[in-house]
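A short worksheet on the structure shown next.
All residue numbers in this chain count up from 1 along the given sequence. Because the structure is a prediction, the values reported are computed rather than measured.
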Amino acid sequence: MTSRPPLAVSQRQPQRSHSGSGLSQRPAHQRTLSQQYLPPSPVRNDLAPEAGDVVQGRYGSNPRRVGSKLKLELANDGITHAGFSESPLNLDPLSANRVFTPSRIMPLQEASELGDMSPHTSQCHTADNESIPLPMPPRRARFVVPIPRPQTTPAPAPVKKDTRPKPFVLETPTAAPRYSNMGKQEPSGYADYYPWNGDHPEDRFSENIIRNGYFDRAPPQLQTEMASAKAPLFPSLKHKSGLHTLSTLFTGILNQRRHSGQITSTSTFKPPPRVTLTDTKREVWLKDLANPAISLRRLSRTIPHGIRGKVLLEQSLKKNVPTDRAVWLAKCVGANEIRAFKRKGVNNTFVIGGEAKWIREWTACVEQFVDTVVSAFGENEWKAKVTYAIRLATHLYAEHLLDRDHYMDWLVSGLENSNQARLPMWILTIRIYWRDLLRSRRTGRRLVTAILGHHTAICQHPDRDILLPLSTQLSSLLESLLLNSPESFVHSFTWAKFRDALLSSLPSDDQAQRHAFESIDKRNERLTRTHIKSQPAVRGILVKLLDTTLRTPFKDDLASQLWKVSEHKHSLIRTVLEWSISPYRPGIAKVYVTASILRFFSVQGADITGAVLDFLDTDPLRETDRKHLVYHLVSELVRTDDFSVPRYLQWLIARGGLANAVETSPDGPCPTRLLVEVPIHALSESIRSLRATILRRSSFSVEYEAEDMATAIRCIKYALSVPLELDDPLLLKKPMSISKLAHRIERSSRALQTEVGSWLYNGYIGGIVRSLSSEKSGVDDSNIEFDSVRALLEAAQDYTMLENVLKALAVSSNAELLASCADTVNLHIQVFAATGSAKSLFQTLLERLKAIREQQGIGARPLLASLASLAPRICGLEEVATQLQKDLIRTDRTSAVDASSPLSDTMATQLQDDETELHEQIEKLASYTSADRPTMERLFQAITFHRLQTCWGKPDERQRAYCILLTRLRVFDTGYFDTLMRLWVQHIRKLTHRPPVAQIFPLLMSSGCLSLAVLFATASRTPMQTAQGQPNPAMSASIYMQEILQMLMMPLSPTQIMASEDCYRFRIIQEQARLENVREVMPLIRGALAEYSSSRNQITQPLDDEKTRTQFLELLRSLILVDSNAAGQTLSPKSPDPKLANLIESVTTRLLTSRDGGGQKTFEQVLELANEFTLPFCQVKLSLNLAVSESTGPDHTERLQSQLIQLSKAMDNAIDANNIMWTGMLPCLSPEITQHMRNRAEARFLYLIPSLKCAVTSEEVFEKDIHMAENLLAVIDSIIRGALTPKSSQISNAMVDKLVDLWEILATTNDEAVPLKTATLSHWLPLLLSYLTLNASTATATTSKPANDTRARALLTLAGLTQELDHAPSSDLSQRAFDLALVLVDHLADDARLQCVRAVKDVTADPRLRYLFSFAPNPAENLMLAHREKPPPGLGPNERRALALGLGTGMLPERLTPLVMRRWEILNEPTPNVGENDTSLSLHLFEARKI
């Protein structure tokens, strides 16, 4: 292709360069090799290579230089041209001197409009015409569509080459824009390019041109200046105001120029119309759209119909339309669709609704499009398609062409519901919109919840090592969220669910993340219902947490939970100490629970010694049992050095020491008697000496104490057959029995008990262990020795030493001894769980079981049975317990000899011939795979009815053999055996003459024949008997339930039939019934009371015994603590028998007062007795009083109303007396009473909150109101927090009104309200925020419009308080108000939220409020149009002109109106019709001027 000069430009003559070599000048364009040497062809013309390319030979041959003679001479002279390469290693014919130019990335036949902007290399031809290269293939277009040019026929090859240099011709760039000809015929020039050719009009000189200059247009004929203007103007310019005058003139000229050239015509913009095209033309149009070289203005003439929605997106992806052009098409289609709605719309509401609906549908199409492309991961070029789809959706989102709320909801929903395979893709997509998602509460909280959920699921996944990269990515996201968006974590339910998993994943060395986590944890804790921690509420929470150890074994995290309950650690420790010695908490396990908790507190930095001494100094302990508990607790703390005896001695000396013997007597004051009770073996020699010195001052004989301890140890040695000194006087007496020794030790001081325990472990158990390892002692001897040691340590209640004994004996291979160890742990599981050794002891015994089973086989069954009974009571061993139970059943079914009893070897001798036949039949039954029920029934009746019942009342050891047979028989079909046993027990109940059940059932229960379920099922009274309250007139049957209850309460002593191990196992069953069968035992208690009340003073009954009554009260107290609701429902029936009602009233009164109260307690008396420890018993008492009142009289409604009045009066009196301890039992009452009390307390609380209208002036009244409000809030807190299923509550208008009143107080500037403002910040606002938090914690989403409107009012008020409190000295209140608003807004309806948005978006730019109400400022909403008002009438032309030009003294006023931005009509190429003002945004807005 040859270059052509511009039109009307003649070629310049050839010139030679005077500056150097001819290679430096620009050569003339010549025809290519293909045009010179190949035959003319139109195809060859189209494929002609670009001029200036250097051609080399094919297949790596050296280039043959051709060209002019001058160039050849210069080349032969050694001048190296830049276009040649002399290296034979360069095999690329186009690699020499390659420059990246537009011509190298565009088709050669379609020249760019930019022209050839690259420097041309010279064309050098070889001397001959060999190795002419073939033409290059066409290149792909990249930038613009080439301008079509007429093809020229190639000139024939010259006969003789012209060796003269060609003239230089200056070319006009093809991309240079031309001036519009504006309808004229002559061609216009080029902008910014007008080369000089020597023949322009200005080159023709004339006198006029020389004198006046050259003008394109002749200037108008003005009056000829006769003289110079310097004379009149120069003095004015020299004046001091001359410069100002000159600038004014020039400013006026510029304003006039602007005014005359400004575009004032109205906008003629219209969206490009759509036309109907055939499928073929539509495909061609889409291909043209994908070609960036084709102008959009050209395409806007024929936008085809039918391309909309998902089709538009799919076609854009299929044709690979550039993103900006695809967005342009979407805008064109959307603008036409929206204008169609406007044309069809009757009213504005229909138009807005239709437009919003279409945008939502369009957004749904985009969402489906992205989801479809991402899901098709098996297709070719999936990555490129996904990249395009996400990029297109992102552009549409960025230009506000989508419903952003709908689109972000879809993003978050996709992340929430994503599986782990698609999670990386969703994370990649989410991160594009990360900032926008976190600016909104609606999406930010859900985003955080979704990420936390996926992170926790991966951390808990068994294949988490495989998912480590994904877990790392999620951890990185959580790190960013913790530091940059902590408010999105403020949601109590979500935080409680994922808190621990998040904490475990935080790096320990990253303090920033740790601090952010602690801050979020504190904010969420404030929003929970249990955070409203008035002092009574704190004590109630502590006691409830501590009471859980009475129902289930101690958990390791309990101490840390207690530590976090309150910031007042001294009060916290005092409450724990009060609980440990409370007479309303039975058992010794509470002492060890308290010791473990105090040890944890000591590690956290608490002063345990000081707290205990302060407690002893302030609490006058008069009850002997409470004193002994204090001695026991302190002795355990002294052993672990958590209680400092030297500090205690200093404390005693500072108080004056000991002066008389009363202070050290057993009934003496606890602070001084404690010196006698401390464990001496744990003290150093110096402390022992100082202790003895102080005690001697009070006439206490330390020598006698030491002698007493030595005597006790000698007696124990003698009883255990340990050799004594030969001259010991004890050898002349008979050894004391272990039971008598245990009784004496139980009544001794704590110092002697700990001394005995220390000797038993350090001085005696070591010998047993050595004998077991050397196998010198027999099995029976070891068991007897262990039983003796265990009995003595249990009498001393020294479970610390008992734990050490169990650990020492756990290395034994004696299965029976290890089974006894397991039974010991089972009986005292709560104690050993508190010391932290229960699970470790179980694991040790389990390992021993595995070893013994390998060595002894069936001989390991006793240990297996004991561990199978122990495992279900230890937390976290459910699977192990199931496996052990299966192993036990398998062992029993496959064993030919029963090894569960120590008498199994002599069983054959105990059974007579007929019994031996029974044994053989059972052995025969074991050979079958399934049990034969008729045979089982025959054998069961033969054992029970014909043999076992004949042994009753006799010391006949055959009862044990029969129990063994029943145990083996039960294995074959447990369900059917229990049915047979239930029928037999019911038969026993009906017998009039039989032994007490305490002689019948314990052996059956300890051997496993009779279960607690069967016993309770047969012991319960029928509904008719319960309603009548009349027992069976037969004597034995009339006291049956009392006998069962007595059997489950009273300890058993070993007999000829019941061995010590059987008695110990039965104690375990008694303990399990108390802890795990509350709902079964309570009806049994009621039935026993009914039997006792009906036959009282008529026959001798079990409950007549004083010890039985004492144990009965202890059992009832334990059951009430475990489940007070069940106890209250059982003891307070609707229609009780009068005698039974009086008996129950007396019993429940004794639970409170430890003595017979003498009748029914009133509501006020019950409330006065209420505290944290008596609360469950007061609850039962109150429930009983209400039930009795409801059941008496036909007028139930009137009596209920009277009860409410009395209870309300009692509540008011208690609150006025500063007694609110009783509040914890209100939630457990009937819902009507609880709601009534809550409404009354809330009304009084809101009434006390001040306002500017009625402010309290008296300081005394002010403090009284604050104190009353705190008490009322504690009442409300107890009711809401204590409810098992809290009723959903909504924010009321009264609450919001009070919140507004406090806002007004804080916002006022009146100096007289300063004290009120201070009190509001310190008391009233925190109280009201706490009250609102209580209600918000139980609030749920509702569709009620009034409820949503009220909540919206509360949110707006809290938003205002948040900003107002920023100026207050306490920033914590501002954050509390904002967090409370976050809780409320989560359940707010969308229409109410939008109302809040409209209320705040124009008055504040606080990002917290934008996050709270989930709205983002639209950049197009804040644009305003300024309309200049018309000049006032009466102005002259000059004044009007001055105002128009801005030269006046004042500017005209402007009127602002909103500018409506139509996002769908912002097009860069709007319409094919070119006009003066045809852009989508009117040029008049920018005051544009014509060029």
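In this structure, the side chains of Pro583 and Glu623 stay at 4.5 Å or more apart for every pair of heavy atoms. A heavy-atom distance below 4.5 Å is not found between the side chains of Arg790 and Val805. Side chains of Thr824 and Leu806 form a contact here, defined as non-hydrogen atoms less than 4.5 Å apart. The shortest distance between side-chain heavy atoms of Thr609 and Val612 does not fall below 4.5 Å. No side-chain heavy atom of Ile597 sits less than 4.5 Å from a side-chain heavy atom of Ile573. When side chains are defined from C-beta on, Met801 does not count as touching Leu760, because their heavy atoms never get closer than 4.5 Å. Side-chain contact between Asp641 and Arg599 is absent, with no heavy atoms from C-beta onward closer than 4.5 Å. Side chains of Arg639 and Thr754 form a contact here, defined as non-hydrogen atoms less than 4.5 Å apart.
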Fill in: From CA spacing to verdict: side-chain contact (heavy atoms from CB on, under 4.5 Å), Gln753, Asp798
CA-CA 7 Å; Gln753 292 174 348; Asp798 195 350; 6.0 Å; no
Item to complete: Tell me, with the steps shown, if Asp557 and Lys564 meet salt bridge (charged side-chain N to carboxylate O under 4.0 Å, His left out).
Response: CA-CA 11 Å; Asp557 60 342; Lys564 296 178 182 179; over 6 Å; no
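The aromatic rings of Tyr592 and Tyr799 sit perpendicular, their planes meeting at an angle over 60°, well past the 30° parallel limit. Note on ring orientation: taking the six-membered ring where Trp is involved, the planes of Tyr648 and Phe643 are tilted (angle from 30° to 60°). Taking the six-membered ring for Trp and thresholds of 30 and 60 degrees, His628 and Tyr631 have ring planes inclined between 30 and 60 degrees apart.
For the pair Arg1109 and Phe1112, the cation-pi criterion (under 6.0 Å, within 45° of the ring axis) is not fulfilled. Annotation: cation-pi pair Lys569/Trp563 present, NZ/CZ under 6.0 Å from the ring centroid and within 45° of its normal.
The pair Glu1076-Arg873 meets the salt-bridge criterion, with a side-chain N (NZ, NE, NH1 or NH2) lying under 4.0 Å from an Asp/Glu carboxylate O. Using a 4.0 Å cut-off between charged side-chain N and carboxylate O, Glu1071 and Arg1067 make no salt bridge. For Arg585 and Glu578, the salt-bridge test fails: no basic side-chain N is under 4.0 Å from an acidic carboxylate O.
The backbone N or O of Asp667 sits less than 3.5 Å from a side-chain atom of Lys627, completing a donor-acceptor pair. Side-chain atoms of Tyr584 never come within 3.5 Å of backbone atoms of Phe1177 as a donor-acceptor pair (strictly under, hydrogens ignored).
Closest approach of Val1122 to Leu550, counting heavy atoms only: CG2-O, 4.2 Å. Looking at every heavy atom in both residues, Lys590 comes nearest to Ser580 through CE-O, 3.1 Å.
Residue pairs that meet the salt bridge (charged side-chain N to carboxylate O under 4.0 Å, His left out) test with at least one member in residues 654-663, sequence neighbours left out, are Asp617-Arg655.
At a cut-off of 3.5 Å, with distance as the only test, no side-chain donor of Asp823 or Ser820 sits close to an acceptor on the other residue.
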